[in-house]
Each structure stands twice: as C-alpha cells, then as structure tokens.
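Worksheet for the structure shown next.
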There are 2 protein chains.
Amino acid sequence: MTFSEENYLKSIYSLQKDSPKGVSTTILAQYLESKPASVTEMIKKLDEKGLVLYQPYQGVLLNKNGELVALKVIRKHRLWETFLAKKLDFSWDEIHDVAEQLEHIKSDKLIKELDRFLGFPTHDPHGDPIPDEQGNVIKVEKKQVSQLVPGDTGTCVGVNDTSSSFLQFLDQQQIKLGTVIEIMHLQDFDKSMTVRIDGRELLLSQIATENIYVKF
Amino acid sequence: MTFSEENYLKSIYSLQKDSPKGVSTTILAQYLESKPASVTEMIKKLDEKGLVLYQPYQGVLLNKNGELVALKVIRKHRLWETFLAKKLDFSWDEIHDVAEQLEHIKSDKLIKELDRFLGFPTHDPHGDPIPDEQGNVIKVEKKQVSQLVPGDTGTCVGVNDTSSSFLQFLDQQQIKLGTVIEIMHLQDFDKSMTVRIDGRELLLSQIATENIYVKF
DNA sequence: AAATAAGTTTAGGCAAACCTAAAAAATATA
DNA sequence: TATATTTTTTAGGTTTGCCTAAACTTATTT
C-alpha cells in the first residue's frame, strides 16, 4: 500500500458520504489537488486490487476491504493529531499537514503504543471520532450552527472545513471544542448569524456557520 | 529533498568516517541494499545539487552543505528513537525500522517540539549523541570492549551493530546503556571474553566484544 | 431529436528511482 | 609491461504517479 493509494482511499471515504452513488473523478481530483485523468488511472488500479468498486463514467465507491484500509489510515491520522495537540502543543491549524505525513508510517506496534500513550482517546482535537482497531466508528449527533434558530444553544463538537485559514479564524475568535454558542439573531438577506460566545457577541457568516458543528 | 536523497546523505555520512578519501559506489550500494549503477546515478544528482563532492571512479564525500542535511536527518532519527524508547516502550531492536520512516517527516516545528517534549536529550537509546539544530555533535570517548584487557571495567555507552538480532541478544543478556562490564578473562585462540555483569559471569564472542562500546 | 456542453477516459509523455547488461577505467597479477 | 580481474559508469528498460491533449460518453439545452 503506497502513500498515494492510502490518500485515495481516505479521500473516497470522506467524499462518498455526499455522493452515495459514486464519487466522480472530477470531485476526487479537486479534493486531491490532482487531475481527473490521473484519478481515473489510480482508481482503475485500486479496482484491480479489490479495494474499490469502479464503473467507468459512474464514479467510484469503497468496498468493505477499501473501507477498512481507509479507516485504518483515518485512525492513524486522528491519533497523530491528538498527539500533536495534547503532547506537542500544536494549535488547531498547524496539526493537519504534519498528521497528513505521519498517517502513512507503517508499524502496527507504533499505533498500538501511541493509542495507549494517549490514554485511548475516542475523539481527535477537531472533535472527530477515532476509529478503533477493527474500524468501528462512534457516530456523533451533531448539527451545523446554520441549522439552529435564534434562541438555540449548542456546544462545539467539531468542524467541517479543516483548512488552516478557517482554523486560524476559529483560534482568533477563541472558538474551540466545548465552546458554548448561543444564537442571537439570523440576518435574513445573507444568512449570517449573531451569536454569543463567553459573553461576547460575534457575527458569523453563512460559510462559517455551515462549517461549525454543535451538539445540543 | 526526497526520502531517497536523505537516505543517501545519511549513509554517506556514516560511511565516510571509514573511507575518508571517498565512499565507493559498491560500498554505498551494499549499505543501501541497492546496486552500484543506481548509486552512481543518484550521487551525480546530489553532486549537481551541491550536496556532495563526486569524482568519477574516486568515490563520493559530503561537502559542508550535504553534511548539514545529513546531520539534520540524523538528529530527527535519534530524537524519534528516543521518543519510541522512552515514551512508547519500544525495545532496543524494535526501534530502528520505525525511526527510519519517521526521520523523513518534514516539519521544523515538529522536531523542535519533540525535542522539548523529550527534555532536550543529548543521546539516543543506543548511546549515540543527538546533533543540535546547528548540526553540532558531542564527541564521546569510547572504546570497544575488545580493546580492554582482563581487570579493566567499563560502562556501556553504545553499540556499533544495530541489527535486530544483535540488539535482541543484548536484551536477552540484559546488557543496556549504563551496564557495567568487567573483563575477567580473554580466551586467546578465538578472542572471546569472559566478563562480569551484575554479578553474573558471561562469555562474549569477539564479534560481540567488537560491537559494544564502553567508557572507562 | 439534434446540438451543445460537461464530464470521463484514452493516448502519449515526463520525472524519480530503481534495475540488468555492456563498455570503460582502475587495479592487481603474472 | 601486458594481461586479467575488479570496480565503475553508461545505455537502455521498468514502475509509479503524475501531466496535457484528444477522443469519447453522458447530460443538458434548444
């Protein structure tokens, strides 16, 4: 299993939730910052290896095998993220690039010991659940802030966009996991929201409210 | 800088101590489990990049630039080894393969924070000094056990062979860093030595005594 | 239903890093 | 010194993963 193959499987895993009939080569290429032609090549290879279901022109989906591999990579990624945040004082936005590299290290012992060393965490620093060794994932009940209405209150449990610009924005606004967000007002014309956080009032754009998850 | 380039520089660094006039392509190929022809290609590339001095048929040596890069890789390798041994309970022989992968992770912040997290260690679990950020290495006064004579006593500060079979042997014999070794007797015909360790008497072959370093 | 647009695949190339086999240079030996 | 041996390099090939441009499907308009 090469780095590149692992990245493809991980990406398909993320994207197939929104495209349950098949992830298109264009979408996948965009996500991987690659080109559709390159994607076609790779998914043909993954199909031959028995990791994905691929029908020409119909997109690609993981099969059981591929999903298991993807979940193992995701497990490693999230354990490393936890390590970086909890032990090495990385901030939200600095974590991702390094975890992206660390997730490809091959050693069962390493990941088992890291898990133990971190105290068997169930969620990573972005609030996403860490799959167990068998690939089981805990489902979290969560809503986008944009789905709340004035008067509602939620506790931040994760984000969708993990780009460093968005995470930096959250850092600046002191929004992190566990932060309580109360909806004050919905601006009708642009769907922006006035919210209260730790007593401060704050305006969040629609883009922002769609990318913050809360439980309630 | 690719993984492969980093491995070449690191290998040349190790080998040029024993071949100060130039490391031959055959030696380097052997060390890297590769072929002389592949080595020639790569060192030509490293020469063009200004990292090594290469004279056809005369072998290769690092220049200042290449040495600095090599030392940075070695620094990362040894810090990761320390992490695996001290935090993840890896045994002597399990460490190497994983550190070999981790040393190529690219992130200045990562290595700085790891160093801090480990308490700025000066030596790795094999007793080798960890270069600092500027590439300075502490020289250690050390002798092979084979150089001692009956009556001498030394404290284990490192090993030469880092193959897992040798490290497993040391684990079995409970020889580790700091272990005090007293020479009892030298067997003349095969240069094996009877030594005392923690009260136990033990026979070490010449191969073994040449691969254990002690300070005295 | 035909024409156009959008998305996908195929074809042909490129760079990195490896390989084997043949040629060339350096070294050792008679 | 001439010959044989060993070492090194060159030449040509392979695989992986990427690319662009052209050909082909599928979807959308008119």
Side-chain angles (χ1 to χ4, degrees), chain A residues 1-13 15-16 18-62 66 69-70 73 100-101 103-106, chain B residues 1-13 15-16 18-62 66 69-70 73 100-101 103-106:
Chain A
M1 188 98 318
T2 66
F3 281 28
S4 196
E5 288 171 338
E6 289 187 344
N7 281 334
Y8 272 86
L9 294 175
K10 194 167 60 107
S11 303
I12 297 167
Y13 182 87
L15 294 171
Q16 69 181 2
D18 303 318
S19 314
K21 310 184 279 188
V23 179
S24 76
T25 52
T26 316
I27 298 279
L28 198 45
Q30 230 168 288
Y31 193 81
L32 286 159
E33 297 181 81
S34 171
K35 295 288 134 91
S38 311
V39 168
T40 302
E41 253 188 321
M42 179 58 103
I43 61 185
K44 275 163 73 179
K45 195 175 107 191
L46 293 172
D47 186 48
E48 277 160 30
K49 287 198 173 188
L51 293 161
V52 302
L53 302 165
Y54 166 56
Q55 296 281 104
Y57 296 100
Q58 306 302 303
V60 66
L61 290 171
L62 298 179
V69 175
V73 178
E100 205 69 20
Q101 299 178 61
E103 74 189 6
H104 300 296
I105 304 291
K106 276 153 195 62
Chain B
M1 187 95 321
T2 65
F3 282 28
S4 196
E5 288 172 338
E6 289 186 344
N7 281 334
Y8 271 86
L9 294 175
K10 194 167 61 107
S11 303
I12 297 167
Y13 181 87
L15 294 170
Q16 70 181 3
D18 303 318
S19 314
K21 309 183 279 189
V23 178
S24 76
T25 51
T26 317
I27 298 278
L28 197 45
Q30 230 167 288
Y31 192 82
L32 286 160
E33 297 181 80
S34 169
K35 296 287 135 91
S38 311
V39 169
T40 301
E41 252 188 319
M42 180 58 103
I43 60 185
K44 275 163 72 180
K45 195 175 104 190
L46 293 172
D47 186 48
E48 276 160 32
K49 287 197 173 188
L51 293 160
V52 302
L53 302 165
Y54 166 56
Q55 295 281 103
Y57 297 100
Q58 306 304 302
V60 66
L61 290 172
L62 297 179
V69 176
V73 179
E100 204 70 18
Q101 298 179 61
E103 74 189 6
H104 299 296
I105 303 290
K106 276 153 195 62

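Labels below follow one simple rule: chain letters A, B, ... track the order of the sequence lines, proteins then strands, and each chain is numbered from 1. A quick note: this is a predicted structure, and the numbers were derived from the prediction, not measured.
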Listing request: all salt bridge (Lys or Arg N to Asp or Glu O under 4.0 Å) pairs with a residue in residues 20-33 of chain B, at least two apart in sequence or in separate chains.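 The answer is none; no pair qualifies.
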
List in chain and number order the residues that pass salt bridge (Lys or Arg N to Asp or Glu O under 4.0 Å) with A/E103, two or more places apart in sequence or in another chain; answer none if no residue qualifies.
->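 A/K10.
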
Sorted by chain and residue number, the salt bridge (Lys or Arg N to Asp or Glu O under 4.0 Å) partners of B/K35 (sequence neighbours excluded) come out as none

Mind calculating the distance between [atom1] ([X]) and [atom2] ([N]) to the nearest angstrom?
X     : N      : atom1 : atom2 : value
B/Q55 : C/dA25 : CD    : P     : 16 Å
A/E5  : D/dT16 : CD    : P     : 9 Å
A/K21 : D/dA27 : NZ    : C1'   : 12 Å

Checklist line | Partners meeting ring-ring contact (aromatic ring centres under 6.0 Å, His included) with B/F3 (sequence neighbours left out) | finding: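 Counting only residues at least two positions away or on another chain, B/F3 forms a ring-ring contact (aromatic ring centres under 6.0 Å, His included) with B/H104.
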
Between the protein and nucleotides 20-25 of chain D, are there any N/O to N/O pairs under 3.5 Å, and if so, what are the atom names and distances?
residue: D/dT25; atom: O4'; partner: A/Y57; partner atom: OH; Å: 3.3

Can you find a side chain N or O atom of B/S4 that sits less than 4.0 Å from OP1 or OP2 on C/dA16?
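Answer no for this pair, as no side-chain N or O of B/S4 is under 4.0 Å from OP1 or OP2.
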
When you check the phosphate oxygens OP1 and OP2 of C/dA17, does a side-chain N or O of B/S34 lie under 4.0 Å from one of them?
no

Practice task
Ignoring hydrogens and angles, tell me if any N or O in the side chain of A/Q58 forms a donor-acceptor pair with the backbone of A/G22 under 3.5 Å.
Solution key: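 It does not hold such a pair.
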
- Query: Considering only heavy atoms, which members of residues 40-52 of chain B lie under 4.0 Å from some atom of DNA chain D?
  - Reply: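 Contacting residues: B/T40, B/K44.
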
Residues 39-50 of chain B vs side chain to side chain donor-acceptor pair (under 3.5 Å), sequence neighbours excluded, gives B/E5-B/K45, B/E5-B/K49

Sorted by chain and residue number, the side chain to side chain contact (heavy atoms under 4.5 Å, CB included) partners of A/L61 (sequence neighbours excluded) come out as A/Q16

